[in-house]
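Order of listing sets the numbers, starting from 1, for every ligand and every atom in it.
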Amino acid sequence: MSRIKIKDLLKSTSFGSEVTVKGWVRTKRENKEVAFVALNDGSIIHNLQIVIDVQSIGEDLLKSITTNACLAVQGTLIQSLGKGQTVEVQAKHIQILGLADPEKYPLQPKAHSLEFLREIAHLRMRTNTFGAVFRIRHAMAFAVHQFFNERGFVYLHTPIITGSDAEGAGQMFRVTTLDPKNPPLNEDGSVNFKEDFFGKVTNLTVSGQLEGELGAMALGEVYTFGPTFRAENSNTARHLAEFWMIEPEVAFNELQENMDLAEDFLKYLVKYALTNCLDDLEFLDDRFKKEEEKKKQEERSDMGLIEKLKFVVESPFERISYTQAVSILLESKPFKKGQFKYDVAWGVDLQSEHERFLVEKYFKKPVILTDYPKEIKAFYMKQSEDGKTVKAMDVLFPGIGEIIGGSQREDDLDKLTIRAKEVGIHEEDLWWYLDTRKFGGCPHAGFGLGFERLLLFVTGMGNIRDVIPFPRTPMNAEF
Ligand code: 4AD
Ligand code: MG
């Protein structure tokens, strides 16, 4: 008999029919006559109740049905009399597919800390929390493609190994096949990368944007969605060394349209989660409330998770310039009382405490900050007439801070070449990028959405390590 997924079975009304289900034991309770097993197969957060007649199953078999053992159950679908479930399966035949020694199995049917679960990331997906998170992660990835596909964007696969530093931040992972103990050397003693695998210095990409721009100059509207690597040694709850980024790039768009696209995109994704992931969101909403209760009153979110998601879908994002943001911050209570850790001044990059003040305390909704000083932004951003700012935009979200970074791009060849030189980028490394400005260049714009930052928001999880299956962070590449 072919297996039925628990997700489908829980909706079924074919009472009396014979079914086969397979999954992992979440809990088992028993008395002298019957045992109840809660079985989960990952297709849905809810468990299926299996009712077992203790007399007929035999003692040995019953004993080996322990938490997290894997079972195949054949039985009859019956209407459940128990609370909180509509159907259950009266077992006729049970086969143990995989034993789980209860003495050694690290997951117990009780609440574990997220920190502990990170140490057993190979098993943590079997918990309700991580099952919900990774089903939502899948749904969001699917929605990303659906959003762009509906709008005629082309999904462009940009390289993971690159010879350029798109962000100019220099926090890259080197890719090399040279022998670290005995590399070929130049006469001056430096490593001769001409003898390396690619005949030059290469790194893991920090962004697919530059190649994305090449695509937009031909296909009009493209997006990338791929792994991104940054060797920034920031051990925060918002940074990963390996994360996933979605980068749309659109020919003929200017800053205004870029902002509209970003806002539409985020709202679409959140709405998709609300429509398609409600079971998991309800579970995470509950979890979120319990986590918030542990926090100090003033740090608590004044909305529940689902409430927060609905709020973002419904409210227009606030749009202000960096200059306006700095004025608001200089006038703010925490600034005047010296409560900010970092200084606020025009020309200095905003820190996450400033961004969160603007979003969570001042506007109380998502904010798009634009027109940053050119010195604190990447070389490729479109310079404004004022000579001081660039057409940059950062989207800031409650509880997260920056979720999107983007800009209109500099399409003036001279300005771009000068700016690249100023920040130390060699023309010979970037000739192909500059070429687009020589041959049919046009205004264009794009942005990057950090996929895990989006997931932090949608799932209400507090640490970015808990929304990616196997996190890579400084000193951690287990699993
Ligand atoms: O602001 P960033 O650095 O922008 C770019 O890389 C541009 N090339 C994007 C573009 O215009 N096409 O990064 C974009 C987003 C951030 O807003 C953040 O959400 C996420 O990527 N991000 C990270 N997420 C997790 N861990 C990190 N270390 C991240 N660094 C950036
Ligand atoms: Mg940024």
Side-chain angles (χ1 to χ4, degrees), residues 137 140 144 148 153 156 158 162 164-173 204-216 221-250 253 255 258-259 261-262 265-266 269 322 349-352 354-355 359 366-370 372-373 376-382 390-397 399-410 433 444-458 461 463-468 471-474 476:
R137 186 177 167 110
M140 290 294 88
V144 164
F148 288 119
F153 282 61
L156 195 72
T158 50
T162 67
S164 64
D165 175 6
E167 293 306 299
Q171 297 157 324
M172 296 184 293
F173 290 101
L204 294 179
T205 185
V206 295
S207 160
Q209 177 197 323
L210 301 191
E211 291 89 352
E213 284 188 53
L214 311 182
E221 300 173 313
V222 303
Y223 70 105
T224 72
F225 185 176
T228 310
F229 306 87
R230 297 203 182 168
E232 43 195 343
N233 206 346
S234 31
N235 235 324
T236 79
R238 312 259 174 280
H239 289 89
L240 289 164
E242 175 180 304
F243 62 102
W244 287 66
M245 186 156 48
I246 300 126
E247 296 182 275
E249 193 67 36
V250 184
N253 266 11
L255 187 61
N258 204 34
M259 285 193 276
L261 181 67
F265 182 41
L266 287 167
L269 296 176
Y322 166 90
D349 209 359
L350 300 180
Q351 298 294 325
S352 131
H354 308 133
E355 296 175 343
V359 174
V367 175
I368 309 185
L369 282 188
T370 61
Y372 284 73
I376 59 173
K377 287 292 182 189
F379 77 98
Y380 51 69
M381 295 191 180
K382 174 92 186 149
V390 286
K391 297 197 184 298
M393 59 169 228
D394 276 9
V395 183
L396 314 179
F397 255 41
I400 312 289
E402 181 191 333
I403 194 165
I404 278 181
S407 75
Q408 189 177 328
R409 317 306 188 190
E410 185 56 82
Y433 182 70
H444 60 288
F447 59 82
L449 168 65
F451 190 50
E452 286 77 18
R453 300 244 176 122
L454 167 80
L455 288 169
L456 278 178
F457 182 73
V458 173
M461 300 297 284
N463 192 309
I464 201 160
R465 292 166 178 79
D466 297 329
V467 295
I468 186 164
R472 266 66 182 121
T473 50
N476 174 38

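With contacts defined as side-chain heavy-atom distances shorter than 4.5 Å, the pair L454/L269 qualifies. Contact check for L455 versus M140: side-chain heavy atoms found under the 4.5 Å cut-off. Under the 4.5 Å side-chain criterion, counting only non-hydrogen atoms from C-beta, I404 is not in contact with F397. Between P248 and L261 the shortest side-chain heavy-atom distance falls below 4.5 Å. Between L369 and L350 there is a side-chain heavy-atom pair separated by less than 4.5 Å. Between R137 and W244, the closest side-chain pair of non-hydrogen atoms falls below 4.5 Å. Side-chain contact between S164 and L210 is present, with heavy atoms from C-beta onward closer than 4.5 Å. Using a 4.5 Å heavy-atom threshold, the side chains of E452 and L240 count as touching.
Under the 3.5 Å distance criterion, with hydrogens and angles disregarded, no donor-acceptor pair is assigned to the side chains of E355 and Q351.
What sits closest to atom 6 (O) of ligand 1 on the protein, heavy atoms only, is R230 NH2, 2.8 Å. Protein heavy atom in closest approach to atom 18 (C) of ligand 1: R453 NH1, 3.5 Å. For atom 26 (N) of ligand 1, the nearest protein heavy atom (residue, atom name, distance) is L240 N, 3.0 Å. The closest protein non-hydrogen atom to atom 4 (O) of ligand 1 is E167 OE1, 3.9 Å. In this structure, atom 15 (C) of ligand 1 lies nearest to the protein heavy atom G448 O, 3.6 Å. Atom 20 (C) of ligand 1 has G450 CA, 3.6 Å as its closest protein atom, hydrogens excluded (heavy atom only). In terms of protein heavy atoms, atom 21 (O) of ligand 1 is closest to M245 SD, 3.5 Å.
Those atoms of ligand 1 that come under 4.0 Å of a heavy atom in G405, given as number and element, are 1 (O), 9 (C), 10 (C), 11 (O), 17 (O). Shown in contact with E247 at under 4.0 Å from a heavy atom are these atoms of ligand 1, numbered in order with element: 7 (C), 8 (N), 9 (C), 10 (C), 12 (N). Below 4.0 Å from some heavy atom of E232 lie the following atoms of ligand 1, by number and element: 27 (C), 28 (N), 30 (N). For ligand 1, the atoms sitting less than 4.0 Å from at least one non-hydrogen atom of G406 are 11 (O), numbered in the order shown with element in parentheses.
Nearest-residue assignment for atom 25 (C) of ligand 1 (options F447, F451, F243; heavy-atom criterion): F243.
Shown are the protein N/O/S atoms under 2.8 Å from the Mg ion (ligand 2), given by residue and atom: E402 OE2.
The shortest heavy-atom distance from Y380 to ligand 1 is under 4.0 Å. For the ligand labelled ligand 1, residue E402 lies inside the 4.0 Å heavy-atom shell. Heavy atoms of R238 come nearer than 4.0 angstrom to ligand 1 in at least one pair.
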Y433 vs Y380, ring-ring contact (aromatic ring centres under 6.0 Å, His included): CA-CA, chis, key distance, verdict: CA-CA 10 Å; Y433 182 70; Y380 51 69; 7.4 Å; no
Intermediate values then yes/no, side chain to side chain contact (heavy atoms under 4.5 Å, CB included), H239 and S234: CA-CA 7 Å; H239 289 89; S234 31; 3.6 Å; yes
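When non-hydrogen atoms are compared, ligand 1 lies under 4.0 Å from the backbone of H239 as well as from its side chain. At a 4.0 Å heavy-atom cut-off, ligand 1 touches I404 through the backbone alone. At a heavy-atom cutoff of 4.0 Å, ligand 1 is contacted by no atom of M393, backbone or side chain.
Nearest heavy-atom pair across N258 and Q408 is ND2-N, 4.5 Å.
Ligand 1 has no nitrogen or oxygen under 3.5 angstrom from a nitrogen or oxygen of V206. Below 3.5 Å of separation, one finds an N or O of S207 facing an N or O of ligand 1. By the 3.5 Å distance cut-off applied to N or O atoms, I403 is counted among the residues near ligand 1. Geometrically, ligand 1 and I464 share no nitrogen or oxygen pair separated by less than 3.5 Å. Below 3.5 Å of separation, one finds an N or O of R409 facing an N or O of ligand 1. Taking only nitrogen or oxygen atoms, main chain and side chain alike, Q209 reaches within less than 3.5 Å of ligand 1.
Aromatic rings of F451 and F225 (six-membered ring for Trp) have centroids within the 6.0 Å cut-off, being under it. Ring centroids of F243 and F229 are separated by 6.0 Å or more, keeping the two rings apart.
No option in I400, L449, L266 other than L266 meets the side-chain contact (heavy atoms from CB on, under 4.5 Å) test with V395.
The existence of a salt bridge linking E249 and R409 is confirmed by a sub-4.0 Å separation between a basic side-chain nitrogen and an acidic carboxylate oxygen. R230 has no carboxylate O lying under 4.0 Å from a charged side-chain N of E242, or vice versa, which leaves the two without a salt bridge.
Side-chain atoms of T228 come within 3.5 Å of backbone atoms of G226 as a donor-acceptor pair (strictly under, hydrogens ignored).
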